Amino acid sequence: MSEFPRVSIATIGQYDGQVVRLSGWLYNLRRSGKIAFPILRDGTGFLQCVAVKAELAQDTFEAIRGLTQESSLTVIGKVRAESRAPGGFELDVQSVEIHQLVAEADPYPITPKDHGIDFLMDRRHLWLRSKRQFAIARIRHEVIRAVRDFFDNNGFTLVDTPVFTPAACEGTSTLFEVDYFEDEKVYLTQSGQLYNEANAMALGKVYCFGPTFRAEKSKTRRHLTEFWMVEPEMAYATLEDVKVLAEGLVLSIVDRVLDRRQEELKILERDVSRLESIKAPFNRMSYDAAVKILQSKGSEITWGTDFGNTDETLLTEEMDRPVLVDKYPTDIKAFYFQPDTDRPELALGVDVIAPEGYGEIIGGGQRIHDLNLLLKRLEEHQLPREAFDWYLDLRKFGTVPHGGFGMGIERTVSWMCGLNHLREAIAYPRMLYRTRP
RNA sequence: UCCUCGGUAGCUCAAUGGCAGAGCAUUCGGCUGUUAACCGAAGGGUUGUAGGUUCGAAUCCUACCCGGGGAGCCA
């Protein structure tokens, strides 16, 4: 068997006309008395094989006929261009080696038919094998690669921030307490931002990328308890610099997914034209203007409150690209936002709201660099100064205007894939009532 | 935490107070180009749990368990 080249489905077209060896799992099987069509998947794609009874040893054909879903096998066969096949190629089976035949008495539970979300989530470890989840996983990978490439190519240094943190980065959100360290309460991180600010003063432009934990009793399609976030931070940066960076990042992700993941987008039946229309410049407006637009569209929002999910959808309903909303009331933003020079009641924060109802994918802005103002804010927010001693040092030793943002990976992946729930954008989602598998 | 919807065969669902059903999956048989293949047959049920109303409950009532969607909060 070993003399034939070992190939993967993704690149099988390079072997047209050759006999090759392909290892994978049985995705589905259609058969009649004298011909069978096993569909194999190998983690790089899906391929239909053809087994004709008249051209095979009798036991080989019977073995193929008896294959059960998700049985593992290696097939030797000849690659043939086939215009009717989705990938353009088929494999004419010559022989087969079955590694494990899934028992008929205990068949693979996820059939090609419909299943409910509860059933599928309980079997997430198997659900990942299906075509749709395969496509999402590959797009997520591409999004993350695009993010890393974007920052790496623009002079940013990756500096990872800790997951165990001694205090809240932002006073509002609830934290997961970890009872382990002696004499000290420690929490799981909800943002690497404060550390990013220190790192930016050391390395200029930095980013961190890792998991984030929020102990909010959120129970919606747009929330996870554990999610991944990328957070850049730049020294000598203003709100405008942050906006330019955010726009550039989103554009590079969209371009990359469109460039390299067309096949996956097709599997997901994503309306690609909605992604192709994502071009610079993005829409830009102030919080003031956004509130007026929302009110004119019938929202009951009043100045001084934050947007709800329905407001975000309403605001972007006629837009073909994201919108950057900036200058929010200071009261609804975290303590560290730099106030606007002309109107101190406004914070120099910016959110990027994706179209098609995907909502806020980026939140950030310019940070306070003045020591006295920061001290005042800590007091106003009733935060313990001692916990922020090191953070205050950044304003004592060569402080400069700086800023950055956080982008939610799952929300971005959801948007790229056109998902209607965040839980499919991560392999093992952690939610209020879901911690297994 | 609150609001709301749901739980019936392995899966997806139907049955609205009167014999618990269909499609798919599984098993057996048929079929040489299928694309969630198709055709015929068979097996498969403590209707989430506990209690109540009723001649009679999947169906009505109460409590609990489990899950979906949404609100608030956020990325």
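So that the names make sense, note that chain A is the first sequence line, chain B the second, and so on, each numbered from 1. Since the model is a prediction, treat every value here as computed from it, not as a measurement.
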Original post:
When rounded to the nearest 0.5 angstrom, what distance separates CG in Leu346(A) from CG in Asp331(A)?
Top reply: 10.0 Å
Subject >> Approximate separation, where rounding is to 0.5 Å, of Tyr287(A) OH and Ile332(A) CD1 >> reply: 4.5 Å
Provide the Watson-Crick or G-U wobble partner of [N], both distances under 3.5 Å; none if there is no partner.
{"N": "A41(B)", "answer": "U27(B)"}
{"N": "U1(B)", "answer": "A71(B)"}
{"N": "C64(B)", "answer": "G48(B)"}
{"N": "G33(B)", "answer": "none"}
{"N": "A58(B)", "answer": "none"}
{"N": "U12(B)", "answer": "A22(B)"}

**OP:** Could you encode protein contacts along nucleotides 31-39 of chain B as a string, one character per nucleotide from 5' to 3', using B for base contact, S for sugar-phosphate-only contact and - for no contact, with a heavy-atom cut-off of under 4.0 Å?
**Re:** BBBBSBB--
**OP:** Using the closest heavy atom to pick a nucleotide of RNA chain B for each, name whichever of Pro109(A) or Trp228(A) lands nearer the 5' end.
**Re:** Pro109(A)
Rounded to whole Å, how long is the line connecting atom [atom1] of [X] with atom [atom2] of [N]?
{"X": "Glu70(A)", "N": "A25(B)", "atom1": "CD", "atom2": "P", "result": "16 Å"}
{"X": "Glu216(A)", "N": "G70(B)", "atom1": "CD", "atom2": "C1'", "result": "16 Å"}
{"X": "Met121(A)", "N": "G6(B)", "atom1": "CE", "atom2": "P", "result": "22 Å"}
{"X": "Asp118(A)", "N": "G7(B)", "atom1": "CG", "atom2": "P", "result": "13 Å"}
{"X": "Lys333(A)", "N": "C74(B)", "atom1": "NZ", "atom2": "P", "result": "8 Å"}
{"X": "Phe119(A)", "N": "C24(B)", "atom1": "CZ", "atom2": "C1'", "result": "12 Å"}
{"X": "Ile117(A)", "N": "U12(B)", "atom1": "CD1", "atom2": "P", "result": "11 Å"}
{"X": "Ile332(A)", "N": "A75(B)", "atom1": "CD1", "atom2": "P", "result": "12 Å"}

Please state whether the base of [N] and the side chain of [X] form at least one donor-acceptor pair under 3.5 Å?
{"X": "Ser218(A)", "N": "C73(B)", "result": "yes"}
{"X": "Lys219(A)", "N": "G69(B)", "result": "yes"}
{"X": "Asp351(A)", "N": "C74(B)", "result": "no"}
{"X": "Arg411(A)", "N": "C74(B)", "result": "yes"}

Original post:
If you look at every strand shown and take non-hydrogen atoms under 4.0 Å, does Ile110(A) touch a base, only sugar-phosphate, or nothing?
Top reply: nothing
**OP:** Using a 4.0 Å heavy-atom cut-off across all strands, classify Arg423(A) as base, sugar-phosphate, or nothing.
**Re:** sugar-phosphate
Subject >> Arg123(A) to Phe119(A) six-membered ring, cation-pi geometry met (6.0 Å, 45°) >> reply: yes
**OP:** Given side chain to side chain contact (heavy atoms under 4.5 Å, CB included), test Arg30(A) with Gln48(A) step by step and report yes or no.
**Re:** CA-CA 10 Å; Arg30(A) 284 180 291 273; Gln48(A) 174 159 293; 3.1 Å; yes
Original post:
Side-chain N or O of His115(A) less than 4.0 angstrom from OP1 or OP2 on C24(B)?
Top reply: no
Distance between the [atom1] atoms of [N] and [M], in whole angstroms?
{"N": "G6(B)", "M": "C19(B)", "atom1": "C1'", "value": "27 Å"}
{"N": "A36(B)", "M": "C73(B)", "atom1": "C1'", "value": "40 Å"}
{"N": "G44(B)", "M": "U54(B)", "atom1": "C1'", "value": "32 Å"}
{"N": "A71(B)", "M": "U62(B)", "atom1": "P", "value": "28 Å"}
{"N": "U4(B)", "M": "G45(B)", "atom1": "P", "value": "37 Å"}

Subject >> Those residues of residues 430-437 of chain A lying under 4.0 Å from RNA chain B by at least one heavy atom >> reply: Tyr433(A), Arg434(A)
Donor-acceptor pair between [X] and [Y] side chains, under 3.5 angstrom:
{"X": "Ser191(A)", "Y": "Glu231(A)", "result": "yes"}
{"X": "Ser299(A)", "Y": "Asp311(A)", "result": "yes"}
{"X": "Glu197(A)", "Y": "Tyr336(A)", "result": "no"}

Subject >> Lys297(A) NZ: over 12 foreign heavy atoms closer than 6.0 Å >> reply: yes
**OP:** Let me see the working for Asp255(A) and Ser252(A) under side chain to side chain donor-acceptor pair (under 3.5 Å), right down to the final yes or no.
**Re:** CA-CA 5 Å; Asp255(A) 288 349; Ser252(A) 78; over 6 Å; no
**OP:** Check whether any side-chain heavy atom of Trp415(A) sits under 4.5 Å from a side-chain heavy atom of Glu356(A), and report yes or no.
**Re:** yes
**OP:** Check whether any side-chain heavy atom of Phe307(A) lies under 4.5 Å from a side-chain heavy atom of Leu314(A), and answer yes or no.
**Re:** no
Original post:
Choosing from U1(B), G69(B), A25(B), which nucleotide comes nearest the side chain of Lys217(A)?
Top reply: U1(B)
